[in-house]
A.B. asks: 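Supplied in structure tokens, the structure appears directly below.
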2 protein chains.
Amino acid sequence: MERVYNFAAGPSMLPLEVLEEAQRDLINYKGSGMSVMEMSHRSKQYQAIFDETEATLRRIMNISDDYAVMFLQGGASLQFSMVPMNLMPKGATANYCETGIFAKKSAAEAKKWGNVITITSGKENNYTNIPELTDDIVTDDASYVHITQNNTIFGTTYHKTPDIKKCPLVADMSSVILGEEFDVNKYGIIYAGAQKNMGPAGMTLVIAKKELLGKAPEDTPSMLNYSLMADNGSMYNTPPCWAIYMAGLVYKWVEKSGGVKALENRNKEKSALLYDAIDSSKLFTAPATENCRSYMNVTFTLPTDELTAEFLDFVKDRNMTNLKGHRAVGGMRASIYNAMPIEGVNELVKAIKEFEAEK
Amino acid sequence: MERVYNFAAGPSMLPLEVLEEAQRDLINYKGSGMSVMEMSHRSKQYQAIFDETEATLRRIMNISDDYAVMFLQGGASLQFSMVPMNLMPKGATANYCETGIFAKKSAAEAKKWGNVITITSGKENNYTNIPELTDDIVTDDASYVHITQNNTIFGTTYHKTPDIKKCPLVADMSSVILGEEFDVNKYGIIYAGAQKNMGPAGMTLVIAKKELLGKAPEDTPSMLNYSLMADNGSMYNTPPCWAIYMAGLVYKWVEKSGGVKALENRNKEKSALLYDAIDSSKLFTAPATENCRSYMNVTFTLPTDELTAEFLDFVKDRNMTNLKGHRAVGGMRASIYNAMPIEGVNELVKAIKEFEAEK
């Protein structure tokens, strides 16, 4: 069987040439006599891989020395707790923007630590839009404002970084990092699970403005303390070495592909093909409001559950998989991260048109 | 270059046939059209891999249904915090056995949560021995007793599970799990980072007696709550899919190799070859007390730093690497986990003898 077009929300597709390189070097990495999976994280060999990974990421995201880069574990879900524990004293106040399920989860974890004020909510519209976030609605006592930059489940996104001056802006970028160009300097903390657009599951990237670090209480578990992680170069304990190596291969692939801006343009093109097909259809509908439609996760629905099931069956024979939408939205979701080739999107567009023609 | 004998303390060697299988299936796993690294953790394909991994582990360790098995993230170091947070109310008392550096670290994290009573310590003897742990020295208020089953840095181990009846016994088995046979029923919690004897870094195994779960306070971060992890089959969020898959391959290799008992016997044989060579030498010394010498991490020293440097140089040309000891012990450390073939140990024994003959 050939490789399948995998539209999963994450873990999801990786660039084929990245997988080929990983496969080639798996048993004996560049003549070292061992796999990357067998390397001591304290060895020069592995440190070189690690350093190159960080340096490549800093280049492609244009991350200045004012920011620490950490490769951690636990996914975005652990960041939901680490962010409040590291950015504010217990019981202090943070502002959250409720734009989807993961946004709600991040606020729920923060509530265990402090006072959460929800300053925007898309709940009334079933999260089909992104309410505007401006500095004047940020409360004066906010230690930070948290946003979910791209909502994987609802397929909505902040295409423009909110201009927040009152306090640091914290963003969960799990499903959009490297998919659009961002000015890191506008953020206090950026975090992202690797498994959507950066590599395999098991690594979490944290980019943190250095001046924000060092505020965690003394009784914070060491593994949840940003300062300790940053000061130890993400090696306070054994890091997820293989996942970091794989992310490094993806970062180099991004650079070789022309950088984040080139991929953003390609992602705009890919998603436009899909949204155009949906919008010009009389059968399919895209629920996300037009000005906040994600380039990464394209959600679309059919009028009935029967038609939805029929369509999902229809695409199965066409070498496409994981198109079923999240139960909160229903219908379909096509996650078309950087590694999804335009050919995959074309196949899906073709399927949408042919399915409608048959009806 | 051929494959090297890698004596690293972890990450360390993996069985060659495990690496070969991972390499073969890396791009297109068993005709699925995708890599395991690209599989949605919510897919049937991945769930099958996950279920088989857990089932194999339960077979080889003889884990009963009274125990939950979790595949988590964060390494043993995060368990240092999760154990107290899940097993006792804030401020309650736990007993710790100080048998090395990781034992001290585990107690230090517990101190942030509760009252730690150190009931045994090998400090006076620079941790060359394992002080006896018996039920009568356990304090009546102890929520649990924590041991480091095998001390990677000092090369010492509890060959016999302490018989604790007053409260649950918790063991960090990172460097000995699957290397010796243990009766799981004697433990409340067993945890282990994967990267020494089970797979690549990035996955942490937790085996927990179910009756101990459900006690974490409500404001515990979700990712640190055993119950939530167990109830969600380790998939509260995206698990470290690749590392779990790799561990599954290792578990099957253990089973194929005759099971844990067969590997324990092989490990006894391997370590005896080394200890015999050291004990019969007039130059080399093994600092660990004889009745608690580890089968996994063999520490040995030379009289001077110059000789140590010379020996480490001497072995380099013999296709052996990572033999330098931890700075706390000095000298050498040969970590000879399950995946280290006996040929590697023979090479090292040969080097020890030839080095001494040259002096």
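Bear in mind that the values here come from a model prediction, so they are computed numbers and not experimental data. Protein chains get the first letters and strands the later ones, always in sequence-line order, with residue 1 at the start of each.
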A.B. asks: If you count heavy-atom pairs under 4.5 Å between each of A:M246, A:M203, A:M39, A:M85 and chain B, which one has the most?
C.D. replies: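 Result: the option with the highest number of such pairs is A:M39.
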
A.B. asks: Which atoms of A:M34 are under 4.5 Å from chain B, going by heavy atoms: the side chain, the backbone, both sets, or neither?
C.D. replies: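 Contact with chain B: backbone and side chain both.
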
A.B. asks: Under 4.5 Å, counting heavy-atom pairs only, tell me which of B:T220, B:D219, B:I27, B:N237 racks up the most with chain A.
C.D. replies: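 Heavy-atom pair counts peak at B:I27.
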
A.B. asks: Taking every heavy-atom pair that is under 4.5 Å apart, which of B:P221, B:P239, B:S81 has the most such pairs with chain A?
C.D. replies: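 Looking at each of B:P221, B:P239, B:S81 in turn, B:P221 comes out on top.
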
A.B. asks: Measuring from A:R333:CZ to A:I153:CD1, what's the distance to the nearest 0.5 Å?
C.D. replies: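 Reported to 0.5 Å precision, the distance equals 6.0 Å.
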
A.B. asks: Any chance you could lay out the side-chain contact (heavy atoms from CB on, under 4.5 Å) test for B:F71 and B:V206, step after step, and finish with the verdict?
C.D. replies: CA-CA 6 Å; B:F71 299 102; B:V206 178; over 6 Å; no

A.B. asks: Side chain, backbone, both or neither: which part of A:M82 has an atom under 4.5 Å from a heavy atom of chain B?
C.D. replies: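 When you check distances to chain B, no heavy atom of A:M82 falls under 4.5 Å.
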
A.B. asks: Given that the side chain runs from C-beta out, which part of A:L224 has a heavy atom under 4.5 Å from chain B: side chain, backbone, both or neither?
C.D. replies: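 Only the side chain of A:L224 comes within 4.5 Å of chain B.
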
A.B. asks: Report yes or no: does A:N115 contribute a side-chain atom to a donor-acceptor pair with the main-chain N or O of A:G91 at less than 3.5 Å?
C.D. replies: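 Checked: no pair found.
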
A.B. asks: Applying the side-chain hydrogen bond (donor to acceptor under 3.5 Å, both in side chains) criterion to A:S175, which one of A:N197, A:T148, A:N150 satisfies it?
C.D. replies: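 Testing A:S175 for a side-chain hydrogen bond (donor to acceptor under 3.5 Å, both in side chains) against A:N197, A:T148, A:N150 leaves exactly one candidate, A:N150.
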
A.B. asks: Any residues in residues 5-14 of chain B near chain A, with a heavy-atom distance under 4.5 Å, and which are they?
C.D. replies: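 Hits under 4.5 Å: B:N6, B:A8, B:G10, B:P11, B:S12, B:M13, B:L14.
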
A.B. asks: So which of A:P200, A:A22, A:A76 has the biggest tally of heavy-atom pairs under 4.5 Å with chain B?
C.D. replies: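 Most pairs with chain B among the choices: A:P200.
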
A.B. asks: Name the option with the most non-hydrogen atom pairs under 4.5 Å to chain B; the candidates are A:A201, A:P240, A:G74.
C.D. replies: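 Most heavy-atom pairs within the cutoff with chain B belong to A:G74.
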
A.B. asks: B:L19 versus A:M37: any side-chain heavy-atom pair under 4.5 Å?
C.D. replies: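 Contact flag for B:L19/A:M37 side chains = yes.
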
A.B. asks: Is a side-chain N or O of A:Q23 found less than 3.5 angstrom from the main chain of B:Q23, in a donor-acceptor match?
C.D. replies: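 Indeed, once roles are kept as given, a pair shorter than 3.5 Å links the two residues.
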
A.B. asks: Quick test of your reading: applying salt bridge (Lys or Arg N to Asp or Glu O under 4.0 Å), list the pairs with at least one residue in residues 8-24 of chain A, sequence neighbours left out, ordered by first then second residue.
C.D. replies: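 Pairs touching residues 8-24 of chain A that pass the test: A:E17-A:K256, A:E21-A:K30.
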
A.B. asks: As an exercise: rank B:A339, B:S222, B:G202 by heavy-atom pairs under 4.5 Å with chain A and give me the winner.
C.D. replies: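 Winner by heavy-atom pair count: B:S222.
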
A.B. asks: What pairs of residues pass the salt bridge (Lys or Arg N to Asp or Glu O under 4.0 Å) test when at least one of them lies in residues 101-110 of chain A, not counting sequence neighbours?
C.D. replies: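 Salt bridge (Lys or Arg N to Asp or Glu O under 4.0 Å) check on residues 101-110 of chain A returns A:E109-A:K112.
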
A.B. asks: Got a sec, which pairs hit side-chain hydrogen bond (donor to acceptor under 3.5 Å, both in side chains) with one end in residues 37-46 of chain A, sequence neighbours left out?
C.D. replies: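 For residues 37-46 of chain A, and leaving out neighbouring residues, the side-chain hydrogen bond (donor to acceptor under 3.5 Å, both in side chains) pairs sorted by first residue read A:E38-B:R3.
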
A.B. asks: Report the relative orientation of the aromatic rings in B:F80 and B:F102; use parallel for angles under 30°, tilted for 30 to 60°, perpendicular for over 60°.
C.D. replies: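 Answer is tilted, since the angle falls between 30° and 60°.
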
